[in-house]
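Computed from a predicted model, the values in this text were never measured in an experiment.
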Amino acid sequence: MKQSPRKSPTVVVDDATGVGEERTLVAERLSAFLRRKHPSKTADNVAADTGIYPATVARWLDRGSAPSLESLSQLVGAYGSEVLCVILDHPPPALIAAARQEERERVEREIARLRQQIEGGRR
């Protein structure tokens with residue numbers, strides 16, 4: 001049986017900690033992403049956005065833990081495709097396109113909100 005030319009990442013496990021380097025990389029990327037989204041009270045704000053317990057989010061931020069699949073699903077629900085693009089080494093083009101479209105739509109909503117605010121102030 002011929003194997004696909006696409007290589008899957010090799011997970012190297014540290015004998016001392018038992019933690020895979022790939023999982024640690026995901027945790028670091030996710031932590032940076034969440035801190036950019038919410039520079040202050042990160043855990044509390046992420047918890048408010050996702051419904052994930054603040055203590056769980058704090059564990060990701062402070063200890064470099066990676067989220068479970070269920071938590072990752074909640075993060076995608078709150079932050080869209082962008083969170084997947086951040087944690088993947090090589091996100092597929094369709095995922096990148098989806099993240100860009102979501103960002104475009106978010107910016108357009110914000111522009112519409114600001115226009116309405118400006119127009120409301122002219123009365």
> Is the CD atom of E110 crowded by more than 12 outside heavy atoms at less than 6.0 Å?
Replying inline: yes
>> For R35, I'd like to know if atom CZ has over 12 heavy atoms of other residues, nucleotides or ligands within 6.0 Å.
In response: yes
Would you say that [X] contacts [Y] through its side chain, given a criterion of any heavy-atom pair below 4.5 Å between the two side chains?
X: L72; Y: L84; value: yes
X: R106; Y: E82; value: no
X: V86; Y: R36; value: yes
X: V46; Y: L61; value: no
X: I87; Y: F33; value: no

Going from [atom1] on [X] to [atom2] on [Y], what distance comes out if it is rounded to the nearest 0.5 angstrom?
X: E103; Y: C85; atom1: CD; atom2: SG; result: 11.5 Å
X: T56; Y: R59; atom1: OG1; atom2: CZ; result: 4.5 Å
X: L34; Y: L30; atom1: CG; atom2: CG; result: 4.5 Å
X: I111; Y: E108; atom1: CD1; atom2: CD; result: 7.0 Å
X: E28; Y: S31; atom1: CD; atom2: OG; result: 8.5 Å
X: R63; Y: T24; atom1: CZ; atom2: OG1; result: 14.5 Å

Any idea which heavy atoms bring [X] and [Y] closest together, and the distance?
X: A58; Y: A43; value: N-CB, 3.9 Å
X: G64; Y: A27; value: O-CB, 2.9 Å
X: A66; Y: V26; value: CB-CG1, 4.4 Å
X: S81; Y: L95; value: CB-CD1, 3.7 Å

> Counting N and O atoms only, with roles assigned by atom type, does the side chain of N45 sit under 3.5 Å from a partner on the main chain of S40, one being a donor and the other an acceptor?
Replying inline: yes
> Is there a donor-acceptor pair closer than 3.5 Å between any side-chain N or O of T42 and the backbone N or O of H38?
Replying inline: yes
>> Do V76 and L88 sit in one hydrophobic cluster, given that two such residues count as connected whenever their side-chain heavy atoms are within less than 4.5 Å of each other, even indirectly?
In response: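 Yes, it is one cluster - the side chains of V76 and L88 are joined through contacts under 4.5 Å.
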> Do you reckon L75 sits in the same ILVMFWY cluster as Y53, going by side-chain contacts under 4.5 Å, direct or chained?
Replying inline: no
>> Please evaluate residues D89 and R29 with respect to the criterion side-chain contact (heavy atoms from CB on, under 4.5 Å), reporting the C-alpha separation (whole Å), side-chain torsions for both, the decisive distance (0.1 Å), and the verdict.
In response: CA-CA 10 Å; D89 277 333; R29 290 176 180 171; 2.6 Å; yes
> Cut-off 3.5 Å, side chains only: do Q116 and R113 have a donor facing an acceptor?
Replying inline: no
